[in-house]
Amino acid sequence: MTAIQHARVLIVGSGFSGIGLGRTLLASQFTDFVILERESAVGGVWQSNTYPGCTCDVPSHLYSFSFAPNPHWTSTYSPQAEIRAYLEGCVNDFGLHPHLRTGVEVQDARWDEDSQLWRITTDQGPWTAQVLVSAVGPLTEPKLPDVPGIDRFQGKVMHSARWDHCHDLTGQRVASIGTGASAIQYVPQIADQVKELFVFQRSAPWITPHDKRLTTAAEREKFWARPLLQKVARFKVYVSKELLVLGFAKQPKLMEILQTVVRKHLDKQVVDPALRRTLTPDFVLGCKRIVPSNEWYPTLQKPNVELVPHALQEIREHSVVGADGVERPVDVIIFGTGFHVTDIPFADKVRGLGGQLLTDHWAGSPRAYLGVSVPRFPNFFLLLGPNSGLGHSSMVYMIEAQVRHVRDAIRALDLAGATSIEVDQQVHDAYNAELDRKLAKTVWAVGGCRTFYQDANGRNATIYPDWTFRFRRQAVRWKPGAYRLTTAAESARR
Ligand code: NAP
């Protein structure tokens with residue numbers, strides 16, 4: 001039998017969240033923690049998404065840790081390989097290697113009230129931990145559409161987040177399903193390589209012009225020599241992104257005005273009126289993620305590319321069938337169909353007080369205090385949990401606020417000599433009631449679309465509906481009354 005290993009804090013996942021928390025703990029002299037990573041390398045989504053053209057659509061200066069600026073970005077929007085290398089560099093620079101265990105997958109985690117510890121099962125043996133942190137992220141588990149025949153297909157199947165680079169697409173007939181941020185990046189990259197490309201569009205997205213460009217050696221030198229200048233550049237990007245909150249969350253009417261500007265991109269790139277109509281979204285700009293691309297519309301007009309403005313409805317042995325009923329023979333199907341976001345698969349593995357599964361506790365509508373803590377789940381924290389996502393800016397900003405909150409919670413445990421910490425139910429409920437009140441006025445609620453932001457009950461469980469600096473202020477200012485601390489003696493008396 002494998003011996004039980006113990007860490008005071010067990011972090012699951014080594015993307016931006018896990019690495020950011022590790023660095024923050026070390027910087028505060030907390031050294032007793034371990035990061036478990038199921039893959040063989042760090043990076044999270046920037047490790048697993050390797051599809052052609054994979055690039056961050058948030059500017060590089062902002063999409064990085066504020067405490068680890070990188071003057072060497074080769075582009076104003078970094079490609080995946082560069083972000084992954086950046087994160088590997090962070091692990092080295094922060095001294096996280098001794099804390100990292102790769103190739104270890106958590107199978108389940110159960111709060112043991114008697115010992116006031118988490119008992120964790122992994123495919124590499126059992127662990128215990130006083131504090132468990134889910135840093136697995138919301139865009140982790142690929143989602144395939146629920147269409148009949150998916151197992152019957154005899155050709156090659158890929159998901160954008162599980163790209164098989166050994167499969168040569170040259171000369172093949174390919175169906176690409178979906179028109180989200182991922183498909184819009186890979187479709188233009190593969191169009192010239194394949195023989196035929198059918199792009200299934202269930203709903204047309206809003207596409208803006210992309211202002212990406214390569215950085216110059218002089219720029220990189222400047223940021224390296226004068227880090228303050230990079231801070232200023234970062235701040236400028238932050239402000240320009242934050243202004244979008246006005247339209248997204250405060251006054252969605254503003255998005256309708258902005259929409260007329262964005263619409264010009266479509267008018268300019270697509271001359272055929274019928275195709276233009278097909279590519280015109282039927283919801284307000286911002287309701288679904290806005291995607292920048294200069295190549296999307298031109299690609300759809302290439303002779304070997306057919307835009308199929310329908311959902312995929314059925315898959316047969318050697319073909320796909322759209323909602324138009326037309327059968328199209330293909331060799332490869334690529335699913336750009338997104339992820340299990342609100343039906344968070346990790347919640348099927350975590351049991352809190354009374355052995356209740358987090359999935360059952362949430363009952364289809366995930367909620368947390370600051371996207372981090374859940375009542376009845378003591379000593380458990382999520383990073384990028386419910387309603388801490390953004391449609392307009394950098395998730396790294398939210399992560400930095402949340403990791404400080406988790407660090408402060410661990411500190412509060414120590415200062416009180418307590419064995420467990422649990423968010424107060426009333427504080428949690430009031431926070432979520434406030435979120436719901438704000439969400440009701442946002443473009444995601446009134447913009448006339450259905451997205452993966454919504455959970456099984458139709459609630460937007462993904463997005464934070466306010467200024468991000470407000471979130472940060474709330475998360476980093478520790479409010480002792482928000483949590484209940486329990487000592488070992490109190491827990492024994494229960
Ligand atoms: P997504 O936004 O969830 O898009 C999934 C697409 O699949 C949608 O267009 C959806 O259509 C379509 N779809 C689902 N079932 C279908 C069916 N049966 N037939 C036809 N179409 C179907 O997924 P994603 O593109 O992977 O992006 C997910 C998130 O990842 C993004 O929102 C973003 O947060 C992140 N991301 C970020 C970057 C970046 O640069 N930072 C890049 C890529 C992804 P409907 O629209 O009609 O639902």
Side-chain angles (χ1 to χ4, degrees), residues 15-16 44-46 48-60 62-64 75-80 82-83 137-150 158-163 175-187 189 198-208 210 212 241 279 281-283 286-293 296 307-315 320-324 328 333-343 384 388-398 444 447-454 462-464:
F16 267 101
V45 292
W46 297 106
S48 53
N49 283 264
T50 62
Y51 59 77
C54 184
T55 303
C56 185
D57 60 15
V58 177
S60 325
L62 190 59
Y63 200 83
S64 42
S75 168
T76 50
Y77 294 80
S78 332
Q80 170 264 336
E82 237 171 87
I83 303 176
L139 304 173
T140 312
E141 304 296 345
K143 185 173 180 173
L144 299 181
D146 188 15
V147 293
I150 206 155
M158 290 191 233
H159 185 277
S160 58
R162 300 286 182 271
W163 200 273
S176 172
I177 318 300
T179 52
S182 303
I184 282 160
Q185 292 186 341
Y186 70 71
V187 163
Q189 299 295 316
F198 303 107
V199 177
F200 281 77
Q201 170 190 278
R202 188 166 67 181
S203 36
W206 282 106
I207 309 283
T208 60
H210 206 322
K212 67 180 171 189
K241 293 281 166 200
L279 289 169
D282 60 3
F283 53 85
C287 190
K288 294 189 187 194
R289 189 180 175 90
I290 305 170
V291 188
S293 175
W296 178 249
L307 175 68
V308 182
H310 301 284
L312 173 71
Q313 208 165 49
E314 190 193 335
I315 299 176
V320 290
V321 183
D324 55 352
R328 293 173 173 86
I333 306 175
I334 304 174
F335 289 104
T337 45
F339 301 88
H340 289 277
V341 178
T342 57
D343 50 341
L384 297 187
S388 55
L390 302 176
H392 73 289
S393 189
S394 171
M395 298 304 296
V396 184
Y397 183 89
M398 303 299 271
W444 305 289
C449 74
R450 181 163 172 90
T451 60
F452 71 82
Y453 298 155
Q454 284 145 288
T462 309
I463 296 281
Y464 178 70

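Whatever order the structure lists them in is the order used to number ligands and atoms, beginning at 1.
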Using a 3.5 Å cut-off on N or O atoms only, is T55 in polar contact with ligand 1? yes
Taking 4.0 angstrom as the limit and counting only heavy atoms of K288, give me the atoms of ligand 1 inside it, by number and element. 45 (P), 46 (O), 47 (O), 48 (O)
Considering both backbone and side-chain atoms of Y453, is one of its nitrogen or oxygen atoms within less than 3.5 Å of a nitrogen or oxygen in ligand 1? no
Could you give the distance from CD1 (I177) to CD1 (I315), rounded to the nearest 0.5 Å? 7.0 Å
Looking at ligand 1, does any of its N/O atoms fall within less than 3.5 Å of an N/O of A181? yes
Among S78, A323, S182, A161, closest by heavy atom to atom 27 (O) of ligand 1 is S182
Could you list the atoms of ligand 1 found under 4.0 angstrom from a heavy atom of D57? 39 (C), 40 (O), 41 (N)
Within ligand 1, which atoms have a heavy atom of Y51 less than 4.0 Å away? 42 (C), 43 (C)
Counting distance only, does the side-chain N/O of T55 pair as donor-acceptor with the main-chain N or O of G53 below 3.5 Å? yes
Beyond-backbone contact of L139 with V341, side-chain heavy atoms, under 4.5 angstrom: yes
For T337, which part has a heavy atom under 4.0 Å from ligand 1: side chain, backbone, both, or neither? both
Please list all pairs passing the side-chain hydrogen bond (donor to acceptor under 3.5 Å, both in side chains) test where one or both residues lie in residues 138-150, with sequence neighbours left out. R38-E141
For C56, the ligand 1 atoms with a heavy-atom partner under 4.0 Å come out as 40 (O), 41 (N)
Can you tell me how far the CD atom of Q313 sits from the CZ atom of R202, to the nearest 0.5 Å? 11.5 Å
Carefully, step by step, assess D57 and K212 under the rule salt bridge (Lys or Arg N to Asp or Glu O under 4.0 Å). CA-CA 9 Å; D57 60 15; K212 67 180 171 189; over 6 Å; no
Should you measure from each heavy atom of P145, which atoms of ligand 1 turn up under 4.0 Å away? 15 (N), 18 (N)
Do the side chains of S203 and K288 get nearer than 4.5 Å, heavy atoms only? yes
Hey, are S176 and Y186 close enough side-chain-wise for a donor-acceptor pair under 3.5 Å? yes
Checking contacts here: is it the side chain or the backbone of Q185 that comes within 4.0 Å of ligand 1, counting heavy atoms only? Could be both or neither. side chain
F339 neighbourhood, listing ligand 1 atoms whose heavy-atom distance to it stays under 4.0 Å: 26 (O)
Atom indices of ligand 1, in the order listed, that fall short of 4.0 Å to a heavy atom of A311: 19 (N), 20 (C)
Heavy-atom donor-acceptor pair, S393 side chain to K241 backbone, under 3.5 Å: no
Counting non-hydrogen protein atoms only, what is the nearest one to atom 45 (P) of ligand 1? Give residue, atom name and distance. S203 OG, 3.2 Å
Residue, atom and distance of the protein heavy atom nearest atom 23 (O) of ligand 1 read G338 CA, 3.1 Å
Can you report which non-hydrogen protein atom sits closest to atom 12 (C) of ligand 1, along with the distance? G178 CA, 3.5 Å
Specify the protein heavy atom at minimum distance from atom 35 (C) of ligand 1: its residue, its atom name, and the distance to 0.1 Å. L139 CD1, 3.5 Å
For the residue pair Y63 and F16, does the interplanar ring angle fall in the parallel (under 30°), tilted (30 to 60°) or perpendicular (over 60°) class? perpendicular
Can you report which non-hydrogen protein atom sits closest to atom 6 (C) of ligand 1, along with the distance? G336 O, 3.3 Å
Tell me the protein heavy atom at minimum distance from atom 14 (C) of ligand 1, and give that distance in Å. R202 NH2, 3.5 Å
Which residue and heavy atom of the protein sit nearest atom 3 (O) of ligand 1, plus the separation: F452 CD2, 3.3 Å
Looking at every heavy atom in both V396 and S64, which two are closest together, and how far apart are they? CG1-O, 3.5 Å
Give me the nearest non-hydrogen protein atom to atom 34 (O) of ligand 1 as residue plus atom name, then the distance to 0.1 Å. R289 NH1, 3.5 Å
When you measure from the side chain of Q80 to the backbone of W46, do you find a donor-acceptor pair of N or O atoms at a distance under 3.5 Å? yes
If every non-hydrogen atom of G448 is compared with every non-hydrogen atom of C287, which pair is closest and at what distance? N-SG, 4.1 Å
Out of V45, T179, L312, indicate the one that has the non-hydrogen atom closest to atom 19 (N) of ligand 1. L312
